[in-house]
Every structure is written in C-alpha cells, then in structure tokens.
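Below is one structure, written out as structure tokens; comments come after it.
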Amino acid sequence: MSFFYAKSRTCSFIVYEDEKLSYRTPIYLQLREIIRNRIEEGEYLPGTAIPSENKLAETYGINRLTVRNAVDTLVNEGVLQRVQGKGVFVVGDKYEENLEEHGGFVSIMSSGSKRVSVKEQSKVYRPAGNKFANYFNIEPEDLIFCVRHFITLDGEPLSIEDIYVPKEVLPELEVVNSSVFTIKDIFAFYGIELSSMQQTMEIIEGTAKLRKLLGAPEGVAIIMLGCDYWDSNGRAIAYSRSFIRSDRSSFTIRLHD
C-alpha cells in the first residue's frame with residue numbers, strides 16, 4: 001500500500017493513498033471507514049486503544065469534532081468503546097453469558113453514586129517456574145504473563161487481582177489493556193474458547209503488606225477469591241486470585257443444574 005505526503009497551513013501529515021479524504025462524502029464517514037478497515041486488517045487489535053482524537057485530527061488534517069463524530073458512529077455500532085480517562089478501545093466478539101449463568105460467587109459492591117475504577121498496575125512475563133508449570137502443564141522455563149489490577153471504590157482501595165496466563169495461550173495480552181476488558185472478553189476477542197470456570201473463596205487475615213496496600217483497618221477480614229479457567233480440551237488457560245476488603249464488598253452465590 002503506497003502513501004503520500006500532504007501539507008496544510010497548520011500541519012503536515014501522511015495518509016495512505018487509498019485512505020485519502022475527499023469531499024465526495026462527509027469526512028466523518030470516510031474516517032469511520034478508515035478506522036473500521038484498520039480494525040479489520042488487524043492494525044488496531046481488539047482490546048487496544050485507537051489513536052487519540054488529537055492524533056487522528058493531526059494525521060488527517062481535520063478538526064477534532066469531525067474525528068469525534070466518526071468515532072461516535074463506531075461506538076454506537078459497538079465496534080469501539082469509550083472508557084473515561086483511558087481512551088477509546090476496539091471491541092471484539094464478546095461472550096454473552098455471565099458468571100451468574102455458570103453459577104458461582106457474584107460480587108456486589110455499594111451501588112448508587114459509587115464509582116469502581118480498575119487500574120492495570122503491572123503486566124510482566126516471566127518463566128513459569130515449577131508451581132505454574134505444573135498448574136498449566138507447561139515447562140518451567142516457558143513464559144507466563146503476570147497481570148496485577150488495583151481496584152478502587154470512589155478512590156479508596158477495594159481489591160487487588162492477580163491474573164496468570166501462559167504467553168503461548170494469549171500472546172496478544174502484551175498489548176491489550178486488561179483493565180478495560182475482562183479476561184473472558186479477551187479470550188473471546190482472540191478466538192479462545194472458554195469452556196468452564198471454577199471459583200473458590202476463603203476468608204484470610206492477609207499479610208501486613210497486603211493489608212497496607214488495601215488500607216484494611218484492624219479487624220477487617222480479607223476475602224481471597226480464586227478462579228480457574230479451562231478451555232474446551234480441559235486445559236488450564238488462566239488462573240486469577242483476588243484479595244478483597246470484606247467491609248466494601250459482599251457476595252451472593254448462584255447455583256444452577
């Protein structure tokens with residue numbers, strides 16, 4: 001695909017030749033299709049953010065309102081999703097069922113004006129070691145992703161979640177923002193069939209370091225919630241463990257035949 005260099009009074013920009021904007025149709029519709037094509041061609045991957053409105057406006061030499069109109073049409077179609085304070089993200093195919101339909105623990109946090117925020121605090125990959133090699137049935141030197149989420153409720157610490165996934169299962173996790181989409185959604189985006197899950201719950205005191213991170217007062221118990229994920233072949237493909245302040249979250253359980 002060839003490209004050309006263009007220059008306006010305010011900026012210079014490069015666009016692909018078959019993405020050249022014209023005045024034959026509304027500019028925002030042309031930009032909408034450019035973004036859609038880049039998603040379909042895999043340049044903008046599911047679970048990742050597209051360039052900012054400012055960047056797109058600069059690239060194509062148009063104003064931000066036009067960019068916003070183009071993005072809004074794709075948001076309304078369900079192709080993109082706006083996340084306050086984080087950007088606009090590509091949405092892939094998602095699972096329709098929820099945890100409650102499988103049976104299991106469902107977290108219930110204070111409703112109303114309370115705002116829950118999830119931050120991807122760290123994401124690294126490292127050798128599995130013996131523990132996770134045995135769990136995932138891989139070699140100890142094979143790489144796994146270790147992702148930590150820090151969740152707050154109205155700006156106050158609520159929980160810490162650690163997720164472990166073999167790199168070979170989901171190499172795209174390196175670029176996906178897992179604080180925007182659940183691990184179930186991310187599996188669906190990349191065609192990984194999630195067959196079953198199993199949860200465990202335990203009430204613990206928690207280490208001094210953990211309690212400090214959560215700001216848990218003396219006497220407040222920590223809920224440790226574990227979840228195992230298996231694919232259709234019965235292979236373990238992910239494991240998560242959450243540490244939740246018991247004074248800010250309650251749980252119900254749904255049982256199904």
Side-chain angles (χ1 to χ4, degrees), residues 46-47 92-109 116 118 120-140 142-151 158-173 176-207 210 213-214 221-246 248-257:
D93 294 329
K94 299 175 73 173
Y95 287 109
E96 294 296 332
E97 72 271 16
N98 56 40
L99 179 61
E100 191 170 335
E101 292 173 340
H102 287 281
F105 300 108
V106 181
S107 174
I108 303 176
M109 291 162 285
V116 176
V118 181
E120 191 179 77
Q121 195 171 52
S122 64
K123 180 164 57 183
V124 298
Y125 53 85
R126 64 169 178 80
N130 291 329
K131 175 183 176 181
F132 287 107
N134 290 332
Y135 180 82
F136 291 117
N137 194 26
I138 58 179
E139 297 299 322
D142 289 343
L143 297 177
I144 61 171
F145 282 106
C146 306
V147 183
R148 167 160 287 192
H149 294 148
F150 187 68
I151 299 98
L158 172 67
S159 66
I160 292 171
E161 178 186 44
D162 294 324
I163 303 175
Y164 305 91
V165 182
K167 188 177 181 182
E168 66 168 312
V169 169
L170 189 62
E172 296 86 356
L173 188 56
V176 170
N177 190 320
S178 63
S179 68
V180 174
F181 301 99
T182 68
I183 193 66
K184 287 178 62 182
D185 289 335
I186 297 170
F187 281 148
F189 292 166
Y190 293 97
I192 300 170
E193 183 179 354
L194 179 60
S195 177
S196 60
M197 299 182 296
Q198 178 177 300
Q199 291 181 303
T200 58
M201 178 184 282
E202 184 178 349
I203 306 299
I204 64 173
E205 174 68 19
T207 64
L210 176 63
L213 289 173
L214 291 174
I222 305 298
I223 299 170
M224 184 172 71
L225 188 67
C227 190
D228 306 272
Y229 302 80
W230 292 283
D231 65 13
S232 57
N233 295 317
R235 178 189 178 187
I237 54 175
Y239 171 71
S240 69
R241 186 175 59 176
S242 299
F243 301 95
I244 308 161
R245 281 183 52 161
S246 62
R248 291 190 173 159
S249 185
S250 61
F251 291 80
T252 62
I253 186 168
R254 299 288 188 263
L255 299 176
H256 299 274
D257 294 332

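Fair warning: this is a prediction, and the values are worked out from it, not measured in the lab. For this chain, numbers begin at 1 and follow the sequence in order.
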How far apart are the closest heavy atoms of [X] and [Y], and which atoms are they?
X	Y	answer
I138	R235	CG2-NH2, 4.1 Å
F187	A238	CZ-CB, 3.8 Å
I144	P166	CG2-CA, 3.9 Å
S179	V118	CB-O, 3.4 Å
I192	V169	CD1-O, 3.1 Å
I204	M224	CD1-CB, 4.1 Å

Task: I237 vs L194 side-chain heavy atoms within contact, under 4.5 Å - done: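 Side chain of I237 against side chain of L194, heavy atoms only: contact under 4.5 Å found.
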Open item on the list: Could you tell me if the side chain of L225 sits less than 4.5 Å from the side chain of Q199, heavy atoms only?
Closed with: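 Of all side-chain heavy-atom pairs linking L225 with Q199, at least one is under 4.5 Å.
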- [ ] Could you walk me through whether L170 and F145 pass side-chain contact (heavy atoms from CB on, under 4.5 Å), step by step?
- [x] CA-CA 9 Å; L170 189 62; F145 282 106; 5.7 Å; no
Task: Distance (rounded to the nearest 0.5 Å) between W230 CH2 and Q198 CD - done: 4.5 Å
Task: L173 CG to K123 NZ distance, which is reported to the nearest 0.5 Å - done: 5.0 Å
TODO: Go through Y190 and V176 one step at a time and tell me if the side-chain contact (heavy atoms from CB on, under 4.5 Å) criterion holds.
DONE: CA-CA 11 Å; Y190 293 97; V176 170; 3.7 Å; yes
Open item on the list: I need the single residue from S240, S242, S178 that forms a side chain to side chain contact (heavy atoms under 4.5 Å, CB included) with I163. Which is it?
Closed with: S240
Task: S246, S159, S249 screened by side chain to side chain contact (heavy atoms under 4.5 Å, CB included) with I223, the one that passes - done: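 Only one option passes, and that is S246.
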Name every donor-acceptor pair, under 3.5 Å, that has one atom in a side chain of residues 127-136 and the other anywhere in the protein, sequence neighbours excluded.
| from | atom 1 | to | atom 2 | distance (Å) |
| --- | --- | --- | --- | --- |
| N134 | ND2 | N130 | O | 3.1 |
| Y135 | OH | D228 | OD1 | 2.4 |

TODO: Before giving the answer on side-chain contact (heavy atoms from CB on, under 4.5 Å), spell out for D231 and E193 the whole-Å C-alpha distance, their side-chain angles and the decisive distance to 0.1 Å.
DONE: CA-CA 6 Å; D231 65 13; E193 183 179 354; 5.6 Å; no
Open item on the list: Looking at R245 and L214, would you say the former's side chain and the latter's main chain have a donor-acceptor pair under 3.5 Å?
Closed with: yes
TODO: Would you check if the side chain of E161 reaches a backbone N or O of H149 as a donor-acceptor pair within less than 3.5 Å?
DONE: no
TODO: Would you check, one step at a time, whether the test side-chain contact (heavy atoms from CB on, under 4.5 Å) holds for R148 with I160?
DONE: CA-CA 7 Å; R148 167 160 287 192; I160 292 171; 3.5 Å; yes
